[in-house]
Each structure stands twice: as structure tokens, then as C-alpha cells.
J.: 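Take this structure, written in C-alpha cells, and hold onto it; I'll ask about it next.
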Amino acid sequence: DAGITQSPRHKVTETGTPVTLRCHQTENHRYMYWYRQDPGHGLRLIHYSYGVKDTDKGEVSDGYSVSRSKTEDFLLTLESATSSQTSVYFCAISRGTQANYGYTFGSGTRLTVV
Amino acid sequence: DQQVKQNSPSLSVQEGRISILNCDYTNSMFDYFLWYKKYPAEGPTFLISISSIKDKNEDGRFTVFLNKSAKHLSLHIVPSQPGDSAVYFCAARPMDTGRRALTFGSGTRLQVQP
């Protein structure tokens, strides 16, 4: 299975501070995604990437930016954290065009904005 | 507007019985449907999928049924085991040239009682 690591696993930050979450994969998959999980909402797509410097917005992208300068790393940045961004964040990779492969998810980052 | 809906937040069944988890969707452009299972403090893991050209797919104790006319899919687990206790998400992939971000439902928490 593809190695996918998220860091940090837990973070508490203050309102208004910038925060960067990292997703690292050990295999050469093109497709990477950031989702957030909230009670009653399931998993909602924030941003996604189809390769180096190729990114696009998801349904809840406001307040977030991403960067992908290397295939293996996909960074999610909260420019100025707000309490509404308290959530569990999951990174996922996809094995390309094989639909039945689905995604492989990281273990998540629990972010608390106080 | 939620395109993928799981209207039952929770379900409790007895060990050995059948668990039926339901999912409805509104977008006719979805061409692939997937189920994921999530344990606490872990990322979701892929369980089973079905193409829109099929109406059933089976994998061991897990069967997914798709009713396209009703825009409804269901996951059957037979027999249910205590280790199946988890949150289950259904997901759908839009027909697209290559941007294959999944849309997830809000999840159903399954508890299997010993």
C-alpha cells in the first residue's frame, strides 16, 4: 500500500495565526487531495492536485491555500486560522485512472483553533 | 446542496444479522460509487465499489447494490461482526475527463452488538 504520512497529527493554534499541514507520500502518485471531516458533514473536499504545480479548488476552499512543488508533498495552509477551521484534516492519494482503486487516506491531522 | 446523502446517522444491529446502510445521490453524472469504512483516529479505508453500469457487486460479506433509477445505493454486510463497528461513508465520482475528486456523504455510524 502507498505510504502516506500527515504531519503534525495534532495541533492547537490561536485564531489569526497561519498554519501549514503537510502530506507526504512515498510513491509517485499524481493525484492528491485534502478533505476535512466535520460532524454532520462527512468529508468535504478542500483542494486537490493532479501533479506538480497543478492544483484546483474543492467545495470548501475559502480560507485555505495549497502548494505542490514536489510530487511527494502536498501542503495545506490556513493563512489566518479561524475557529470554524477546527476540524480533522485528511490527505488522500489516488492511484490514477483505475476507479475501483479509490483513495488511500492518511491518518489525519486534528486541528484546534482557539 | 448535498449531492450524496446518508440520511441515517447511526445504525445498531446484532452480531450475525444483516446490516444495511443506505445512500442517495442527486447528480446523474456520477459514474462510480464507493464505500469507505472509518475507525476512530484512523483515516477512511476503501471497502467496495460499483460502476454505474452494474447493479450489484459482491466481496465476501459485503455487497453493494445500485438502483440508478432511484439514485440509491446500499451496502449489505452479512453476517455482521463486532469488528464491523465503524463509520461508513459512501462516495461518488463524477463522469469527467480526468478530475476525479470524490464527493462523500455524511456517514453512518454502525454499531454491531455482540
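Note on naming: letters A, B, ... go to the chains in the order of the sequence lines (proteins, then strands), and numbering restarts at 1 for each one.
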J.: Against chain A, label B:P44 side chain, backbone, both or neither, depending on which of its atoms sit under 4.5 Å from a heavy atom there.
T.: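 Both backbone and side chain of B:P44 come within 4.5 Å of chain A.
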J.: Hey, quick one: are B:V13 and B:L21 part of the same hydrophobic cluster, counting side-chain heavy atoms closer than 4.5 Å, chains of contacts allowed?
T.: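 In one cluster: yes.
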J.: Please evaluate residues A:H41 and B:Q2 with respect to the criterion side-chain contact (heavy atoms from CB on, under 4.5 Å), reporting the C-alpha separation (whole Å), side-chain torsions for both, the decisive distance (0.1 Å), and the verdict.
T.: CA-CA 9 Å; A:H41 292 279; B:Q2 273 192 304; 5.8 Å; no
J.: Please name all residues satisfying salt bridge (charged side-chain N to carboxylate O under 4.0 Å, His left out) with A:K57, sequence neighbours left out, ordered by chain then number.
T.: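 Result, salt bridge (charged side-chain N to carboxylate O under 4.0 Å, His left out) vs A:K57: none returned.
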J.: Are there residues of residues 56-66 of chain B that reach to under 4.5 Å of chain A by heavy atoms, and which ones?
T.: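 When heavy atoms of chain A are the reference, residues 56-66 of chain B contributes no residue within the under-4.5 Å range.
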J.: Going by the rule salt bridge (charged side-chain N to carboxylate O under 4.0 Å, His left out), which residues pair with A:R22 if we only count those two or more places apart in sequence or in a different chain?
T.: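 Here the qualifying residues are A:D73.
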J.: Quick one: does B:L102's side chain get under 4.5 Å of A:Y35's, heavy atoms only?
T.: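 Result yes, sub-4.5 Å side-chain heavy-atom pair found.
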J.: For residues 3-13 of chain A, dump all side-chain donor-acceptor pairs below 3.5 Å to protein atoms at least two apart in sequence or in another chain.
T.:
unit_1 : atom_1 : unit_2 : atom_2 : d
A:Q6   : OE1    : A:C91  : N      : 2.9
A:Q6   : OE1    : A:G108 : N      : 3.1
A:Q6   : NE2    : A:Y89  : O      : 2.9
A:R9   : NE     : A:G108 : O      : 3.0
A:R9   : NH2    : A:S107 : O      : 3.4
A:T13  : OG1    : A:T17  : OG1    : 2.5

J.: Is there a path of hydrophobic side-chain contacts, each under 4.5 Å between heavy atoms of I, L, V, M, F, W or Y residues, that connects A:V88 with A:F105?
T.: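 Same cluster.
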J.: Would B:V4 end up clustered with B:I20 when hydrophobic side chains under 4.5 Å apart are linked, directly or stepwise?
T.: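 No, no single cluster joins them.
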J.: Mind telling me whether A:Y103 and B:Y36 have parallel, tilted or perpendicular rings, with 30° and 60° as the class edges?
T.: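 Plane angle between 30° and 60°, so tilted.
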J.: Within this structure, what is the CZ-CD distance for the pair B:F89 and A:Q37, rounded to the nearest 0.5 Å?
T.: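 Going from the CZ atom of B:F89 to the CD atom of A:Q37 covers 4.5 Å.
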J.: Using non-hydrogen atoms only, which part of A:L43 is less than 4.5 Å away from chain B: side chain, backbone, both, or neither?
T.: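 Its backbone and side chain both get close to chain B.
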J.: Going only through I, L, V, M, F, W and Y residues with side-chain contacts under 4.5 Å, is there a path from A:L75 to A:I46?
T.: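 Hydrophobic grouping puts A:L75 apart from A:I46.
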J.: As an exercise, state the distance from OG1 of B:T103 to CZ of A:R44, rounded to the nearest 0.5 Å.
T.: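 With rounding to 0.5 Å, OG1 (B:T103) is 12.5 Å from CZ (A:R44).
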